[in-house]
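Note that the structure is a prediction, hence the values are computed from the model and not measured. Order of the sequence lines sets the chain letters (A, B, ...), proteins ahead of strands, with each chain counted from 1.
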Amino acid sequence: MDYDFKSIESKWQAYWAANKVFKVTEDNSRPSFYVLDMFPYPSGAGLHVGHPLGYIASDIFSRYKRLKGFNVLHPMGYDAFGLPAEQYAIQTGQHPEVTTNNNVARYRQQLDRIGFSYDWDREVRTCDPDYYKWTQWAFLKMFDSWFDPSVQKARPISELVAKFESEGYEDVTPEIWNAADEKGKSDILMRYRIAYQGETSVNWCEGLGTVLANDEVKDGLSVRGGYPVEQKKMTQWQLRVSAYAPRLLDSLEDLNWTDSLKEMQRNWIGKSEGTEMVFQTECDGRTLPVTIFTTRADTIYGATFMVLAPESELVESLTSESQKEAVAEYLKYVKTKTERERIAQTKTVTGVFSGSYGVNPITGERIPIWIAEYVLAGYGTGAIMAVPAHDSRDYAFAKKFDLPIIPLIEGCDVSEESFDAKEGVMCNSGFLNGLTVKEAIEAAKDYVEQHGLGVRKTNYRLRDAIFSRQRYWGEPFPIYYKDGIPTPVPESELPLCLPEIDSFKPSNDGEPPLARAKNWTYNGYPLEKSTMPGFAGSSAYYLRYMDPRNDSALVDKDINAYWGNVDLYIGGTEHATGHLIYSRFWNKFLYDLGYVCVDEPFKKLINQGMIQGRSSFVYRIVGTNKFVSCGLKDQYETTEIHVDISLVHNDRLNIEGFKAWREEFATAEFILEDGEYICGWAVEKMSKSMFNVVNPDDICDSYGADTLRLYEMFLGPLEQSKPWDTKGIDGVNRFLKKFWRLFYDRDGWIVKDEEPTREELKVLHKLIGKEQEDIEAFSFNTTISAFMIAVNELTALKCNKAAVLSPLVVLLSPFAPHIAEELWQALGNNESVSCASFPEFVPEYAAEDNVTYPVQFNGKMRFTVDMPKSASPAEVEAAVRSMEQTTKWLADKSIVKVIVVPGRIINIVVK
RNA sequence: GCCCGAGUGGCGGAAUUGGUAGACGCGAUGGACUCAAAAUCCAUUAUCCCUUAAAGAUGUGCCGGUUCGAGUCCGGCCUCGGGCACCA
């Protein structure tokens with residue numbers, strides 16, 4: 001009987017679904033374990049072979065944990081709001097909901113074929129009103145909260161209002177508060193709310209007609225679509241993520257994430273400790289204090305000018321009458337530049353003199369104030385002191401505009417470039433002279449504070465998240481405008497559903513698509529017309545899986561307490577600075593308000609590598625329809641053409657297929673090598689346009705899901721990026737066939753109920769030990785290797801004993817669940833193999849009887865000694881010395897030292 | 001420019017963390033079975049010297065160091081991949 005994966009796989013997939021084998025409920029008698037995949041955006045292209053890599057790994061781990069007795073929560077859903085569906089809707093007029101549902105159905109079909117152990121009863125979709133009710137709810141909670149820096153946590157805004165009324169807070173005294181009208185109070189509270197509306201410079205993308213978050217922009221182009229992005233001042237909803245910067249940074253420490261990912265988050269949060277210093281300035285006779293931020297207070301003696309950001313509010317008051325025109329011109333110039341141009345031109349230095357002067361607070365020297373785009377309004381105070389000798393940007397500026405450069409470190413040469421390194425000994429620096437730079441940084445900070453010139457200050461690069469999108473296919477804001485005052489829709493009336501509209505384009509007067517909706521009002525007042533961004537729905541989905549149908553809470557408290565947070569999260573690195581920051585922020589906020597029981601959402605995180613495509617090429621001789629095989633292509637002038645990889649096997653082109661592929665190739669001629677056409681290849685992103693997409697369905701058709709699962713894991717370490725190459729898949733497929741033959745021969749079932757031999761038990765237990773160790777370390781490729789060895793050994797032993805094969809099936813079940821299920825039930829079990837328990841590891845069975853010690857003379861191996869495992873180093877040494885030849889050799893050398901290492905090696909060293 | 005990570009056969013990759021480098025798989029070569037093919041099985045497969053074998057030499061990007069012993073540790077380079085990028 002042969003291994004017929006087709007009937008096996010469809011049979012057991014149907015069985016699992018019909019019996020809800022993977023349905024999970026809270027069970028206090030068993031420990032919980034939560035394994036989560038980053039849920040996919042259901043794109044129109046469907047899954048390619050790279051997508052399931054992480055899902056397979058998490059499924060293996062989930063199944064393993066179940067065998068180990070854990071109650072495993074392993075859910076799946078869809079990140080279903082998003083731009084592509086909307087773009088498609090604009091082009092075709094088809095409602096995004098329709099295309100989204102179609103895509104979801106296709107994804108589901110593809111996922112089901114791979115045999116995942118998801119509890120589909122817990123599926124969530126972010127575009128489902130029952131789901132986004134809780135996204136809107138969280139937004140309202142943020143709207144209704146402020147961040148109290150004294151305790152570093154979110155608190156209800158009512159507590160702040162009480163503070164305003166009684167004692168005042170910051171610059172809002174009770175008098176100011178009580179005198180303010182409703183609009184005034186709303187404006188004051190907006191400065192404190194965690195979800196707030198404020199004017200800010202945003203990334204505006206004309207091509208998409210919407211604003212974008214920083215992580216949605218790369219190199220000045222939108223990540224989706226690649227349209228240019230410009231800076232624009234707009235009033236937008238924002239989330240006060242920056243308030244959480246210190247906590248987001250500090251709690252990173254305890255997370256079981258990779259160092260590189262933590263490092264990326266650290267850079268993105270961008271903590272820098274420095275000093276805020278006040279410089280007196282004067283402009284046309286008027287004086288004005290200006291605060292600057294610096295991390296190098298020690299270089300104050302070299303501050304020869306100051307620079308303001310063009311967008312700084314100080315520019316107007318610090319521009320002298322005489323420079324007014326020049327400054328206005330410069331500001332105009334800066335404004336016309338897009339973000340992309342600014343990035344492209346970082347090397348070109350621009351700026352204008354403001355006409356005013358500042359006073360160096362330590363030297364008392366009068367220094368000019370300039371305006372330049374290399375200073376950013378959004379960071380620090382938007383104003384800096386420039387120290388050209390020790391900052392490369394200031395240096396370039398000083399060179400261009402001929403400003404003085406004063407070196408402050410002994411022996412440094414600043415004639416060609418600045419000396420940015422924080423090393424050396426200070427000079428030209430008054431009280432700092434003779435100190436090393438590191439000492440001087442601290443001494444200068446102390447000095448500034450003691451003399452009242454400024455204060456220590458920590459800045460973060462992390463900005464507040466811009467939360468409005470001028471789009472249709474997203475969560476509507478539960479906010480309406482009562483006489484212009486943003487007012488929340490009552491919680492009891494959530495969800496506020498997306499209205500139907502006739503077209504998904506922006507309205508004719510440039511308003512978001514929701515402006516087209518009829519009656520987009522609440523109690524007669526207009527509702528907010530933007531929608532929430534993609535990360536809104538994905539920020540707390542892991543919580544909703546715990547209790548997906550709860551109508552009265554995001555997640556029930558007891559249920560949340562049972563599952564805790566996500567024990568294992570698997571997904572790509574591309575979310576390092578987007579989703580993974582927002583989710584942590586969102587979770588911390590809910591934690592502050594007592595809605596969730598753990599501060600951090602994801603305990604352990606693994607980033608699976610990308611699976612790249614392996615493209616194949618043919619080489620056409622320029623100006624002809626003749627194609628030359630790869631090895632001979634250097635003899636001609638050729639153009640490289642992508643060829644569909646389904647026409648290529650082991651780099652050999654299917655010539656007939658190629659001719660039939662496209663009309664233009666029907667009459668193609670070929671120059672062959674050894675009678676074959678060899679294609680060239682390259683590793684590239686998997687994409688339709690490169691004809692290198694491999695569909696998991698095709699693999700399931702020709703090899704089966706179990707082979708696909710094994711092969712994806714066997715390809716290499718999970719975290720590593722690697723190209724997909726179908727070549728090696730026969731190996732793991734052969735392994736499954738061999739596995740099958742342990743149970744069936746040509747005539748049928750051959751498993752017998754006999755006592756296993758010691759040798760057979762050794763093979764089994766070696767594997768149990770190895771698998772346990774490897775799975776815990778996520779080294780799935782080596783587990784599979786161990787499996788192959790074990791199966792080869794058992795085949796050689798002709799082992800057909802149930803006592804060995806039965807646990808072997810359980811061991812295989814996380815990797816290849818279908819074949820395991822088939823054999824498990826054939827062995828006479830009535831329950832699914834996923835209800836079995838992981839075989840117990842008995843180290844004595846796995847142990848080798850003897851240890852072979854290689855014996856080396858001065859590091860070179862000469863012979864080996866076989867000793868019982870229990871032998872002591874002294875006994876081993878005695879055995880070495882007693883070997884006849886060796887004794888002779890040892891006798892010749894008067895002094896030797898025998899080193900016996902428990903790591904199984906013996907070294908004889910001649911002194 | 002700054003910060004991470006990685007360099008091992010024809011290929012994907014192992015190596016108990018300082019202890020016989022190249023596990024396992026692919027590919028390749030030879031053989032068995034077959035009229036033949038597929039499937040399956042067996043053998044060989046880092047390089048050099050050699051008819052073959054034994055034996056030897058070389059070998060984990062490069063140069064040097066520590067050690068009885070280095071793919072692994074230290075110092076200095078080179079190359080590739082990823083992230084950030086006027087953040088004062």
Side-chain angles (χ1 to χ4, degrees), chain A residues 2 218-219 258-268 270-272 274-275 292-297 299 303 307 309 342-343 345-349 372-376 378-387 390-394 396-397 420 459-463 573-574 576-577 607 609-610 650-651 710-711 714-717 719-735 737-738 741 770 773 779 781-789 792 795 852-862 864 896-899 901-911:
Chain A
D2 280 341
K218 203 170 160 34
D219 299 331
T258 61
D259 290 336
S260 71
L261 200 95
K262 286 193 197 178
E263 196 57 32
M264 270 192 236
Q265 290 222 337
R266 279 191 205 105
N267 289 340
W268 192 259
K271 179 177 180 169
S272 80
T275 313
I292 60 99
F293 176 73
T294 180
T295 53
R296 294 292 303 273
T299 60
V307 188
R342 258 175 103 149
I343 288 167
Q345 297 169 12
T346 48
K347 294 269 147 58
T348 56
V349 179
E373 58 179 333
Y374 82 89
V375 174
L376 305 176
Y379 184 77
T381 61
I384 62 155
M385 69 175 196
V387 185
H390 301 293
D391 182 291
S392 53
R393 294 152 304 177
D394 297 343
F397 196 81
D420 292 15
N459 270 329
Y460 294 89
R461 224 135 85 175
L462 186 68
R463 309 288 163 83
T573 12
E574 66 271 21
T577 51
N607 299 114
M610 275 225 301
N650 292 345
D651 292 336
L710 279 170
Y711 187 54
F714 191 63
L715 224 39
E719 277 107 327
Q720 210 167 290
S721 284
K722 54 234 159 186
W724 176 270
D725 189 348
T726 312
K727 255 200 244 166
I729 201 165
D730 289 321
V732 289
N733 190 241
R734 244 166 248 164
F735 158 71
K737 288 181 192 163
K738 281 185 204 166
R741 281 201 298 273
K770 176 81 175 153
E773 200 174 292
S779 178
N781 53 335
T782 52
T783 319
I784 297 170
S785 294
F787 239 113
M788 291 173 168
I789 297 170
N792 283 339
T795 305
T852 304
Y853 291 85
V855 180
Q856 306 179 348
F857 295 123
N858 284 336
K860 289 180 185 167
M861 194 181 74
R862 293 296 156 87
T864 59
V896 293
K897 185 176 151 199
V898 179
I899 302 167
V901 186
R904 289 184 208 160
I905 205 145
I906 298 168
N907 218 312
I908 299 174
V909 184
V910 183
K911 285 195 185 168

Inset, instruction - Select base, sugar-phosphate, or nothing to describe what A/Asn781 touches, counting heavy atoms under 4.0 Å on all strands. - result: sugar-phosphate
Legend entry - Salt bridge present between A/Lys770 and A/Glu773 (N-O < 4.0 angstrom): no
Inset, instruction - Kindly point out which of B/rA15, B/rC26, B/rC86 is positioned nearest to the side chain of A/Glu373? - result: B/rC86
Inset, instruction - Grab the OH-C1' distance between A/Tyr379 and B/rC84 for me, whole Å please. - result: 14 Å
Legend entry - Distance, rounded to the nearest Å, where A/Asp725 contributes CG and B/rG25 contributes P: 17 Å
Legend entry - Any side-chain heavy-atom pair of A/Thr294 and A/Val387 under 4.5 Å: no
Inset, instruction - Just call it for A/Gln720: base, sugar-phosphate, or nothing, with non-hydrogen atoms closer than 4.0 Å on any strand. - result: sugar-phosphate
Legend entry - Anti versus syn assignment for B/rG9, with syn defined as within 90° of 0: syn
Inset, instruction - Please measure how far the C1' atom in B/rA70 lies from the corresponding atom in B/rG65, and state the result in whole Å. - result: 11 Å
Inset, instruction - Take the protein atom CD1 of A/Ile784 and the nucleotide atom C1' of B/rA14, then report the distance between them rounded to whole Å. - result: 14 Å
Legend entry - Watson-Crick/G-U partner (both atom distances under 3.5 Å) of B/rC35: none
Inset, instruction - Answer yes if the side chains of A/Asn733 and A/Tyr711 hold a donor-acceptor pair under 3.5 Å, and no otherwise. - result: no
Inset, instruction - Find the distance between NE2 (A/His390) and CG (A/Asp420) and round it off to the nearest 0.5 Å. - result: 9.0 Å
Inset, instruction - Using a heavy-atom cut-off of under 4.0 Å over every strand shown, decide if A/Ile789 touches base, sugar-phosphate, or nothing. - result: sugar-phosphate
Legend entry - Selection from B/rA85, B/rA14, B/rG27 that lies nearest to any side-chain heavy atom of A/Asp730: B/rG27
Inset, instruction - Counting heavy atoms from C-beta on, name the nucleotide in B/rA39, B/rA85, B/rC41 closest to the side chain of A/Lys737. - result: B/rA39
Inset, instruction - Tell me the partner of B/rA85, counting only Watson-Crick (N1-N3 plus N6-O4 or O6-N4) or G-U wobble (N1-O2 and O6-N3) with both under 3.5 Å; none if nothing fits. - result: none
Inset, instruction - Answer yes or no: is there a donor N or O on one side and an acceptor on the other, between the side chain of A/Asn459 and the main chain of A/Ser272, under 3.5 Å? - result: no
Inset, instruction - Examine B/rC2: is either OP1 or OP2 under 4.0 Å from a nitrogen or oxygen in the side chain of A/Asn267? Give yes or no. - result: no
Legend entry - Any-strand Watson-Crick or G-U partner of B/rU44, both distances under 3.5 Å: B/rA28
Inset, instruction - Kindly assign one of parallel, tilted or perpendicular to the pair A/Tyr379 and A/Phe293, based on the angle between their ring planes and the thresholds 30° and 60°. - result: perpendicular
Inset, instruction - Classify the nucleic acid contact of A/Pro723 as base, sugar-phosphate or nothing, counting any heavy atom under 4.0 Å across all strands shown. - result: nothing
Legend entry - Under 4.0 angstrom between A/Arg741 side-chain N/O and B/rC41 OP1 or OP2: yes
Legend entry - Nearest to side-chain heavy atoms of A/Phe714, which nucleotide of B/rC41, B/rG12, B/rA88: B/rG12
Inset, instruction - Can you figure out which of B/rC84, B/rC4, B/rG25 approaches the side chain of A/Met788 most closely? - result: B/rG25
Legend entry - Heavy-atom donor-acceptor pair, A/Lys737 side chain to A/Asp2 backbone, under 3.5 Å: no
Inset, instruction - Tell me the partner of B/rC77, counting only Watson-Crick (N1-N3 plus N6-O4 or O6-N4) or G-U wobble (N1-O2 and O6-N3) with both under 3.5 Å; none if nothing fits. - result: B/rG61
Inset, instruction - Quick one: look up who B/rU67 pairs with, Watson-Crick or G-U, both distances under 3.5 Å, and put none if it's unpaired. - result: none
Inset, instruction - Quick one: classify the glycosidic conformation of B/rU16 as syn or anti, with syn meaning within 90° of 0. - result: anti
Inset, instruction - Tell me which nucleotide among B/rA88, B/rG25, B/rC4 gets nearest to the side chain of A/Ser260. - result: B/rC4
Inset, instruction - Would you indicate what A/Arg463 reaches in the nucleic acid, counting non-hydrogen atoms under 4.0 angstrom: base, sugar-phosphate, or nothing? - result: base
Inset, instruction - Using whole Å, report how far CG of A/Asn733 lies from P of B/rC26. - result: 11 Å
Legend entry - Nearest-angstrom distance from the residue atom CG of A/Leu715 to C1' of B/rA14: 15 Å
Inset, instruction - Could you give the distance separating B/rA15 and B/rG22 at their P atoms, to the nearest angstrom? - result: 13 Å
Legend entry - Earlier contact from the 5' end, RNA chain B, for A/Arg461 and A/Ser779: A/Ser779
Inset, instruction - Look at the side-chain N and O atoms of A/Asn792 and state whether any lies under 4.0 Å from the OP1 or OP2 oxygen of B/rG25. - result: yes
Legend entry - Length of the CD1-P vector between A/Ile384 and B/rC86, whole Å: 14 Å
Inset, instruction - Using heavy atoms to find the nearest nucleotide of RNA chain B for A/Glu263 and A/Asp391 separately, return the residue whose nucleotide is more 5′. - result: A/Glu263
Inset, instruction - Establish, with yes or no, whether the OP1 or OP2 oxygen of B/rC26 is under 4.0 angstrom from a side-chain nitrogen or oxygen of A/Arg734. - result: yes
Inset, instruction - Verify whether one side chain among A/Asn607 and A/Thr573 offers a donor that lies under 3.5 Å from an acceptor in the other. - result: no
Legend entry - Separation of B/rA28 P from A/Lys727 NZ (nearest whole Å): 9 Å
Inset, instruction - Provide, to the nearest angstrom, the distance between the CZ atom belonging to A/Phe735 and the P atom belonging to B/rC24. - result: 14 Å
Legend entry - Distance, P atom - from B/rA21 to B/rU72, rounded to whole angstrom: 13 Å
Inset, instruction - Would you mind classifying the nucleic acid contact of A/Lys262 as base, sugar-phosphate or nothing, using non-hydrogen atoms under 4.0 angstrom? - result: nothing
Inset, instruction - May I ask you to evaluate whether A/Tyr374 reaches the phosphate of B/rA88, defined as a side-chain N or O under 4.0 Å from OP1 or OP2? - result: no
